[in-house]
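Encoded as structure tokens, the structure appears first; notes follow it.
In this chain, numbering begins with 1 at the start of the sequence shown. Every number for a ligand or one of its atoms is a count from 1 in the order of the listing. All values reported here derive from a predicted model rather than from experimental measurement.
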Amino acid sequence: MINEQKKKYFETREKLHALNHAFVVLGWDSETEAPIASHDKRGDVIGTLSNMYNDLLFDEKYVEAVNYLHENKAQLDPLFRREIEIVKKNLDSTLKLPKELLFENSVVCAKASPAWVEAKTKNDFSIFAPYLEKIVDISRQMMKYLETDSLKGYDVLLDQYEEGMTQAKYDEFFSLLKEELVPLIRQISEKEYSHNLKFTKLNYSIDKQKKFAKYIAEVMCFDYDRGLDKESEHPFTSGNSRYDVRLTNHYYEDMFTSSIFSMIHELGHATFEQQVSPTLDGTALSGCSAMALHESQSRFYENIVGRSYEFWQTHYSKLQETFKEELANVSLDDFYHFINKAECSLIRTEADELTYPLHIMIRYDIEQKLLNKEVEVKDLPAVWNKAYKDYLGVDVPSDTLGVLQDVHWSGGSFGYFPTYALGSAYSAQFYNAMKKDFDVDGAFGEENLGKINKWLEEHVHKFGDSKRPVDILKDATGEEFNPKYYIEYLKEKYTKLYNLK
Ligand code: ZN
């Protein structure tokens with residue numbers, strides 16, 4: 001019986017993977033090179049493929065096979081047991097939700113997206129508010145349907161993005177951040193910035209930026225036989241397996257460092273995917289779906305490596321060589337201070353490493369109140385503006401630069417934001433553990449990052465989804481999540497940078 005059920009499971013898995021492969025390639029195409037006129041037709045194709053996908057997923061025989069294997073999981077080898085546990089959990093979540101609610105959700109989100117764009121463009125929250133009200137209402141209903149014995153309320157949504165994370169754990173994390181970082185940021189904002197900034201006002205050729213991005217890919221040992229990079233409006237990484245990892249970048253003439261750090265960030269995600277063990281290929285464990293863990297890798301490369309002095313000590317001359325005139329009189333020290341400049345600002349995506357987690361904390365705080373009915377949609381602009389004043393000391397001049405800046409809520413992605421800050425905190429914990437094994441800062445300054453990649457492959461990347469993120473962290477660092485490493489890292493770095501006492 002068990003072999004029969006396995007056979008059924010494997011057959012369907014292969015078909016689901018094939019469709020997923022098609023979704024990834026179609027999505028990639030639409031974000032990068034597809035002609036505008038092809039969008040409608042592709043939308044229809046995706047709709048047809050989605051129906052095929054759902055037919056396979058909800059097929060009685062398949063559901064029966066998954067349930068049978070789950071009931072008999074003691075007989076499965078550990079790797080396959082983990083796969084069945086994940087598949088069963090995801091299947092249950094989908095089956096628990098009434099089809100009408102799922103349909104309503106996709107319709108509302110589809111309409112909310114252009115409404116959000118219009119509201120943001122016109123600085124008019126009232127255009128978006130009715131859609132957001134509906135989305136919040138649907139999310140509150142979904143939370144109820146998805147509750148389990150151990151997961152209630154907002155925890156249900158948090159767990160979807162990072163298995164094992166709860167409101168209690170995040171509350172503790174963010175209150176510590178608030179306590180430790182807010183005074184540090186205040187101290188820095190009182191300091192005068194004394195380094196050269198003139199070079200940041202110049203225009204930088206996009207062709208040269210692209211050339212430098214390729215250089216970065218080489219430094220990070222990205223394997224172009226198993227991956228590629230292109231351009232898109234917003235940088236992202238996607239892929240099908242370790243053999244097909246794709247990333248994008250965006251180039252601005254007047255912000256040349258933006259493409260450098262986006263490239264390092266996306267290459268961090270891409271390195272993770274390229275280093276997943278080949279033994280997991282073709283299984284449901286062959287990539288990492290934990291958001292914070294994934295983000296911990298991109299942020300490790302972007303911030304801890306990419307904004308370190310050691311890294312630029314080696315690579316700044318190449319950057320200077322690429323932009324001969326623009327950077328001729330800019331010292332390594334000026335460049336280093338610029339890429340680490342801390343400033344209380346309005347926009348999350350442009351925030352520096354130090355103030356960034358406060359932007360996330362504000363969103364997390366508002367989001368949980370919204371879902372727990374302590375705040376209503378109509379109050380959001382006022383609540384948002386007050387939080388920015390309280391924590392970052394800035395006045396929000398418009399909703400465009402305030403509550404309307406992020407796309408996430410228009411797609412119903414509640415519970416997503418906190419993984420960004422958690423990822424940064426994980427990355428500092430990995431950094432600390434890595435330092436016990438070798439001279440990490442020294443390795444940042446080597447010609448390429450092979451040594452760093454190797455450690456992360458061994459302790460994090462190779463596992464893909466075969467281990468829970470909390471276990472990967474614990475096994476790699478010797479302890480459970482501990483935010484103290486993140487706070488220590490930021491305090492040490494910025495105290496030095498800003499000559500604080
Ligand atoms: Zn990322």
Side-chain angles (χ1 to χ4, degrees), residues 24 27-28 31-32 158 160-163 165 170 213 216-217 220 222 227-240 242 244-252 255 257-276 287-308 339 347-361 363-364 405-409 411 413-431 449 452-453 456 460-461 464-465 469 472-473 486 489:
V24 168
W28 169 264
E31 296 288 333
T32 56
L158 293 171
Q160 283 186 339
Y161 293 99
E162 188 73 5
E163 190 184 358
M165 277 308 285
Y170 274 123
I216 291 284
M220 286 180 68
F222 182 65
L228 82 152
D229 69 283
K230 284 263 158 74
E231 269 177 83
S232 68
E233 189 51 37
H234 300 285
F236 69 92
T237 302
S238 76
N240 279 307
R242 69 194 302 277
D244 183 358
V245 181
R246 303 157 183 232
L247 61 116
T248 67
N249 200 352
H250 192 90
Y251 301 88
Y252 302 92
M255 282 197 290
T257 51
S258 164
S259 71
I260 298 176
F261 291 102
S262 290
M263 191 70 185
I264 303 179
H265 182 99
E266 297 310 327
L267 281 166
H269 285 304
T271 303
F272 193 154
E273 292 298 319
Q274 284 198 333
Q275 297 205 117
V276 170
C288 168
S289 59
M291 302 302 302
L293 189 67
H294 231 298
E295 210 53 24
S296 78
Q297 301 307 292
S298 54
R299 279 164 202 270
F300 179 82
Y301 285 100
E302 179 192 347
N303 293 326
I304 298 183
V305 184
R307 293 180 205 273
S308 71
I339 61 172
I347 307 294
R348 172 184 66 86
T349 53
E350 288 163 22
D352 55 82
E353 194 182 356
L354 179 64
T355 59
Y356 188 86
L358 293 190
H359 289 262
I360 299 301
M361 181 190 79
R363 285 155 180 76
Y364 166 73
Q405 66 181 270
D406 292 306
V407 66
H408 302 60
W409 291 344
S413 303
F414 295 107
Y416 189 147
F417 276 128
T419 65
Y420 290 140
L422 186 64
S424 300
Y426 280 179
S427 72
Q429 190 166 332
F430 285 127
Y431 179 40
L449 296 178
I452 304 290
N453 292 352
L456 289 169
V460 183
H461 300 168
D465 264 339
I472 290 180
L473 184 75
Y486 181 42
Y489 159 77

Heavy-atom donor-acceptor pair, Gln275 side chain to Asn453 backbone, under 3.5 Å: yes
Considering all heavy atoms, the nearest Val276-Arg242 contact: O-NE, 2.6 Å
Criterion side chain to side chain contact (heavy atoms under 4.5 Å, CB included) on Arg299 and Tyr426, from CA distance to verdict: CA-CA 9 Å; Arg299 279 164 202 270; Tyr426 280 179; over 6 Å; no
Check: Tyr364 ring centre within less than 6.0 Å of Tyr170 ring centre: yes
Geometric class of the His269/His294 ring pair [parallel <30°, tilted 30-60°, perpendicular >60°]: tilted
Donor-acceptor contacts under 3.5 Å from residues 418-425 side chains, at least two apart:
from	atom 1	to	atom 2	distance (Å)
Thr419	OG1	Tyr416	O	2.7
Tyr420	OH	His408	NE2	2.9
Ser424	OG	Tyr420	O	3.4

Polar protein atoms near the Zn ion (ligand 1) [N, O or S; cut-off under 2.8 Å]: His265 NE2, His269 NE2, Glu295 OE1, Glu295 OE2
